[in-house]
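Along the sequence shown, residues carry numbers from 1.
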Amino acid sequence: MKVVTAAEMRQIDQDTIEGIGIPGIVLMETAGSAIVRAIEQHYPTAQRIGILVGKGNNGGDGLVIARQLAHTGHDVHIFLVSPADSFTGEAAINLQIAKNLGLRIEAILGEKEAWKRWMTNCELLVDAIFGTGLRGAVRDPIATFIDAINNLSTPILSVDLPSGLDADSGNPLGICVRADRTVTIGLPKRGLLVHPGAELAGKLEVVDIGFPVQVINAQDIKVHWTTAAHASEWIPQRPPTSHKGSYGRVLVVAGSTGMTGAAALASEAALRVGAGLVTLAIPKSLNPILEGLLPEVMTLPLPETDAGSLSVSAASTLLEFAERTKSVLAIGPGISQHPGTVALVHQLARENQEHKLGGQMVIDADGLNAIAQIPEIMSFLDRETVLTPHPGEMSRLTNTPVSTLEADRIRTAQTFASEQGVTLVFKGAPTVISESNGDVWINSTGNPGMGTGGMGDVLTGVIAGLMAQGLSSERAATLAVYIHGLAGDIVSERLGMHGLIASDVLKAVPEAISSLTQ
C-alpha cells in the first residue's frame with residue numbers, strides 16, 4: 001500500500017476533483033460514510049457522540065459524519081472549535097446542512113467551564129478539527145481544548161489523522177490529540193506510521209473513498225506500507241516435485257567464543273524460513289558445541305584467532321565454498337570485532353564485487369561494525385547486498401548521531417540505500433526497508449516485546465533463507481522483516497510481551513508463514 005506525504009495527498013485530491021471531475025463535496029460525503037461504518041463497527045454501543053469540528057475539509061468530513069450518525073438514530077452533538085463564519089467551501093455547505101436539519105451545534109471557544117460538562121456526557125468523541133493542511137503549531141484556545149479532551153476518559157476517533165499531528169514527520173505540532181483509533185482517508189500518511197505519530201494515532205484503519213488509480217500512480221509515490229496481502233503474494237512456492245536442492249543454500253559466517261547463540265539463531269532461522277541447505281562457518285574450536293546444538297545445520301570449521309573468532313586466513317576456504325555451492329552469505333552475527341575478523345569481513349566484501357560469491361549477501365551486527373571502521377568498503381557492495389543496522393550501527397556507518405537518524409527514519413534509509421547502492425533494513429520502530437532505487441517499505445508487524453538480544457540474528461537468517469529460495473535482495477528483505485515481526489506478534493498473543501525471547505520468535509516463523517498462505 002502506498003504511503004503519502006501531505007503534499008502528495010493534496011495533489012491526489014486536487015487531480016481527482018479538477019482532472020477527473022469528481023466534486024469535492026462527493027469525496028467528502030464518501031469519506032464521511034466510510035468513517036460512519038467504522039464507528040458503527042468499532043463502537044457499536046456508543047449512542048451519545050460528540051463531533052469536534054474545525055473550519056477546514058477535515059471539519060467538513062466531521063459534519064458529514066454527524067449528519068449521517070444522526071440519521072441512523074445516534075444522539076449527536078457538534079462542537080465547533082472555529083467560528084461558524086470562518087467555514088468555507090464544502091465545509092461551509094455541510095455546516096449549513098447541519099443547521100437546516102436542526103442538529104445540536106455548540107460554539108465552544110471561550111466556554112472553558114462548559115467543555116468538560118459537555119464532553120463528559122459523550123460516549124465517543126470524533127476528532128475532525130485539523131487535517132493534513134495544518135501549518136505551524138496549534139495555538140490557544142484550541143491547544144487548551146485539545147489538552148482538555150486528552151485528559152478525558154472518553155474514547156477518541158480521529159478523522160484522517162489526530163489533530164495537531166504533522167502528517168509527514170509524525171511529530172506533534174505543539175500539542176496533538178491522543179486518539180484511540182484513527183481512520184485515515186484514501187492512503188496512509190507517513191506521520192501515522194512512524195513514532196510518535198503511530199502511538200498518537202492509536203489503532204489505524206485506512207478507508208478507500210475512490211481516488212482513481214491513475215491519479216495515485218501519477219504521483220510516482222516511493223514509500224509503501226507492507227501488508228499481509230503483499231507478504232502472501234511474495235511467499236516462495238513449494239511445488240510437489242521439489243527437493244532440498246530446490247530451495248537454495250545459505251552459508252552463515254557467524255559466532256565466536258561467548259557468542260555461539262548468535263550463530264545458532266541465524267543458522268536455524270534460515271532453515272525455518274525454508275532454505276534447503278544451511279552451512280555454518282565457525283571458529284574450529286566451537287565446532288563440537290554447534291554440531292551438537294544444530295543437527296540440521298552443516299558446519300564448516302575454520303581457522304581462528306587467539307580470541308576464538310574467525311581469522312582472516314579463513315577467507316580462501318570461505319570463498320571456495322561459496323563459489324562452489326552458490327550459497328547466499330549471511331555475515332556478522334556474533335563474530336566479534338577482533339582485528340583479524342574485521343580483516344576477514346573486509347576481504348569478503350571486496351570479493352563480493354568481483355562476483356566470486358555469487359552476489360547475494362546479508363551483513364549484520366559485527367559485520368556492520370567491521371565495515372564502519374573503513375567506510376570505503378561499502379563501495380564494494382551492490383544492490384544484492386542487504387545491510388541490517390539498528391540505530392547504533394547506523395550511526396557508526398554514517399558517522400551521524402542517532403537522534404538525527406531517528407528524526408526521519410524514512411529519509412535516513414532512503415538516502416543511505418540510494419547513495420550506497422545497497423538494500424538497507426533500518427531496524428527499529430518501525431523497521432524501514434529501502435531499495436537502492438529509492439523505493440521504501442515501512443513494516444507493519446512486530447511489537448515492543450521483541451526488544452531483546454538475538455532478534456537481529458533471527459532476522460539475518462530469515463533474510464538469507466528467502467534469498468536462497470530465489471527472491472531478490474529487496475523482496476527478501478521486505479518479506480523477511482514482515483514475517484519476523486508477524487512471528488513476534490503471534491508469540492506475544494500467546495505469551496505476552498514480557499519475557500519474549502528470540503528463540504520463541506524463531507520457532508514461530510513457520511507458523512507466521514502458514515498464516516500467510518492459508
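Residues forming a side chain to side chain contact (heavy atoms under 4.5 Å, CB included) with D439 (at least two apart in sequence, or on another chain): K222, H224, E435, N437. For F426, the ring pair (Phe, Tyr, Trp, His ring centres under 6.0 Å) criterion is met by no residue, not counting sequence neighbours. Among residues two or more places apart in sequence or in another chain, the salt bridge (Lys or Arg N to Asp or Glu O under 4.0 Å) test is passed with R494 by E511. In this structure, the side chain to side chain contact (heavy atoms under 4.5 Å, CB included) partners of P375, at least two apart in sequence or on a different chain, are M378. In this structure, the side chain to side chain contact (heavy atoms under 4.5 Å, CB included) partners of A480, at least two apart in sequence or on a different chain, are L459, V462, I463, L466. Residues satisfying the ring pair (Phe, Tyr, Trp, His ring centres under 6.0 Å) test with W225, not counting sequence neighbours, are none. When the side chain to side chain contact (heavy atoms under 4.5 Å, CB included) test is applied to P155, the partners found at least two apart in sequence or on another chain are Y43, L124, D180.
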Validation: residues 55-62 side-chain donor-acceptor distances under 3.5 Å, sequence neighbours left out:
residue : atom : partner : partner atom : Å
N58     : OD1  : I129    : N            : 3.3
N58     : ND2  : V159    : O            : 2.9

Only pairs under 3.5 Å count here: list side-chain donor-acceptor contacts from residues 193-215, not counting sequence neighbours, and write none if there are none.
residue : atom : partner : partner atom : Å
E205    : OE1  : H42     : NE2          : 2.8
D208    : OD1  : G210    : N            : 2.9

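Across all their heavy atoms, S436 and G421 have their closest contact at CB-C, 3.7 Å. The nearest pair of heavy atoms linking R396 to A372 is O-CB, 3.6 Å. When every heavy atom of L516 is checked against every heavy atom of S232, the shortest pair comes out as O-OG, 2.9 Å.
Of the inter-residue distances, the one linking T400 atom OG1 with L405 atom CG reads 5.0 Å to the nearest 0.5 angstrom. The CG atom of L95 lies 11.0 Å from the OG1 atom of T88; values are rounded to the nearest 0.5 Å. Atom CD1 in I146 sits 7.0 Å away from atom CG in D127 (nearest 0.5 Å).
When only modelled atom types and interatomic distance are considered, N94 and E90 share no side-chain donor-acceptor pair under 3.5 Å. The closest side-chain donor-acceptor pair between H390 and E393 falls under 3.5 angstrom. A donor-acceptor contact closer than 3.5 angstrom links the side chains of D489 and N447.
Counting only residues at least two apart or on different chains, the side-chain hydrogen bond (donor to acceptor under 3.5 Å, both in side chains) pairs with a member in residues 449-462 are D364-T460. The ring-ring contact (aromatic ring centres under 6.0 Å, His included) analysis of residues 16-40, with sequence neighbours excluded, yields no pairs. Applying the salt bridge (Lys or Arg N to Asp or Glu O under 4.0 Å) test to pairs two or more places apart or on separate chains, those with a residue in residues 405-417 are E406-R409, D408-R411.
Taking the charged nitrogens against the carboxylate oxygens, R190 and E8 have no contact shorter than 4.0 Å, which rules out a salt bridge.
By the 6.0 Å contact criterion, CG on N399 is open, its count of non-hydrogen atoms from other residues, nucleotides or ligands being 12 or less.
Each of V4, I221, D15, T16 was compared with I216 under the side-chain contact (heavy atoms from CB on, under 4.5 Å) criterion, and only I221 meets it. A side chain to side chain donor-acceptor pair (under 3.5 Å) with K189 is found for one member of T182, T5, D160 and no other, namely D160.
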